[in-house]
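Note that the coordinates shown come from a computational prediction; the quantities given were computed from them, not determined experimentally.
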Amino acid sequence: MDSARSDSFMALKILVAGGFGVGKTTLVGSVSEIRPLSTEERLTEAGRPVDRLDGVQHKTTTTVAMDFGRITIHDDLALYLFGTPGQDRFWFLWDELAQGALGAVVLADTRRLADSFAAIDYFEHRSIPFVVAVNCFDGARAHRADEVARALDLDRGTPVVLCDARDRASCKEVLIRLVEHAASSYEARLSANASSA
């Protein structure tokens with residue numbers, strides 16, 4: 001790497017969050033240019049009393065710590081992706097994973113939208129910019145982005161994008177939209193701080 005590139009190169013931390021079984025591991029794996037690190041473990045009988053499998057009865061594994069991947073957006077910009085665990089019993093990891101994050105993708109499944117509320121609340125209360133990416137599962141009823149935004153009662157200006165977590169190009173568009181949204185949120189905060197000074 002030449003010195004001009006190393007001076008301008010930027011790596012940004014992005015979280016991929018959402019409910020259990022919405023496709024976080026799939027998204028990180030499909031978009032990552034490196035072999036993703038995954039902490040997938042098999043679901044066990046011991047977890048049955050605490051893991052809600054409503055709508056994802058076919059799921060046999062779960063993320064127990066995080067997923068990690070990397071994608072280069074431009075020559076001078078790379079995104080490091082940290083997929084969060086989706087089950088309530090692993091929420092204690094979120095505070096560590098969120099430190100230093102530019103923003104987050106909240107992956108949603110319209111068949112189980114209520115599973116998105118906890119992640120949305122988490123990022124809203126910490127003023128971490130996020131986009132909602134609706135993972136368009138095969139066989140699920142299609143909804144427009146504005147319908148999903150209303151159903152989730154999102155703050156005005158929070159982007160909602162439709163995607164396929166299995167498709168690299170689709171996931172890359174979600175990440176670009178998040179970086180753009182985080183940049184405009186940061187500029188708005190700077191402007192507000194300058195006005196109040």
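The backbone N or O of Leu154 sits nowhere less than 3.5 Å from a side-chain atom of Thr158 that would complete a donor-acceptor pair. Using a distance-only test at 3.5 Å, with no hydrogens or angles considered, no donor-acceptor pair links the side chain of Lys13 to the main chain of Ala98. The backbone N or O of Gly19 lies less than 3.5 Å from a partner atom in the side chain of Lys24, making a donor-acceptor pair. Checking side-chain atoms of Tyr122 against main-chain N and O of Trp94 turns up a donor-acceptor pair under 3.5 Å. Judged purely by atom type and a 3.5 angstrom limit, Thr26 has no side-chain atom pairing as donor or acceptor with the backbone of Arg166. A donor-acceptor pair is defined here as one N or O able to donate and one able to accept, closer than 3.5 Å; no such pair exists between the side chain of Ser32 and the backbone of Gly29. No donor-acceptor distance shorter than 3.5 angstrom exists from the side chain of Asn135 to the backbone of Leu107, with no hydrogens or angles considered.
Across Ile128 and Ala104, no two heavy atoms sit closer than the pair CG2-N, 4.4 Å. Nearest heavy-atom pair, Thr110 versus Val148, reported as atom, atom and distance to 0.1 Å: CG2-CG2, 4.2 Å. Closest heavy-atom contact between Thr84 and Gly18: OG1-N, 4.2 Å.
To the nearest 0.5 Å, the span separating CG on Leu15 from CZ on Phe130 amounts to 12.5 Å. How far OG1 of Thr25 is from CG of Asp67: 3.5 Å, rounded to the nearest 0.5 Å.
Side-chain atoms of Ser8 and Asp76 include no donor-acceptor pair closer than 3.5 Å.
Counting heavy atoms from C-beta on, the side chains of Leu77 and Thr72 never come closer than 4.5 Å. Side-chain contact between Cys163 and Val131 is absent, with no heavy-atom pair separated by less than 4.5 Å. Side-chain contact between Val28 and Phe82: absent, with no pair of heavy atoms (C-beta onward) separated by less than 4.5 Å. Side-chain contact between Asp167 and Ser30 is absent, with no heavy atoms from C-beta onward closer than 4.5 Å. When side chains are defined from C-beta on, Leu190 does not count as touching Glu187, because their heavy atoms never get closer than 4.5 Å. A 4.5 Å side-chain heavy-atom check between Asp115 and Phe20 finds every atom pair outside the cut-off. Side chains of Arg168 and Ile71 form a contact here, defined as non-hydrogen atoms less than 4.5 Å apart. Counting heavy atoms from C-beta outward, Pro129 and Arg189 have side chains that approach closer than 4.5 Å.
Arg150 pairs by the salt bridge (Lys or Arg N to Asp or Glu O under 4.0 Å) definition with Asp146, not counting sequence neighbours. By the side-chain hydrogen bond (donor to acceptor under 3.5 Å, both in side chains) test, Asp153 pairs with no residue at all, sequence neighbours left out. Under the side chain to side chain contact (heavy atoms under 4.5 Å, CB included) criterion, Ala11 pairs with Phe9, Tyr80, sequence neighbours left out. Taking Arg70 as the reference, Glu33 meet the side-chain hydrogen bond (donor to acceptor under 3.5 Å, both in side chains) condition, with sequence neighbours excluded.
Under a hydrophobic-cluster definition in which Ile, Leu, Val, Met, Phe, Trp and Tyr are linked whenever side-chain heavy atoms come within less than 4.5 Å, directly or via other members, Ile73 and Val105 are assigned to the same cluster.
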Evaluate side-chain contact (heavy atoms from CB on, under 4.5 Å) for Val134 paired with Val161, printing each intermediate quantity in order. CA-CA 6 Å; Val134 179; Val161 293; over 6 Å; no
Apply side-chain contact (heavy atoms from CB on, under 4.5 Å) to residues Val22 and Arg112 and explain how you reach the verdict. CA-CA 9 Å; Val22 296; Arg112 300 176 290 121; 3.9 Å; yes
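Applying the salt bridge (charged side-chain N to carboxylate O under 4.0 Å, His left out) test to residues at least two apart or on different chains, the pairs with a partner in residues 121-131 are Asp95-Arg126.
The 12-atom threshold is exceeded at CZ of Phe117, counting heavy atoms of other residues, nucleotides or ligands nearer than 6.0 Å.
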Side-chain donor-acceptor pairs of residues 169-181 under 3.5 Å, sequence neighbours excluded:
| from | atom 1 | to | atom 2 | distance (Å) |
| --- | --- | --- | --- | --- |
| Ser170 | OG | Asp164 | N | 2.9 |

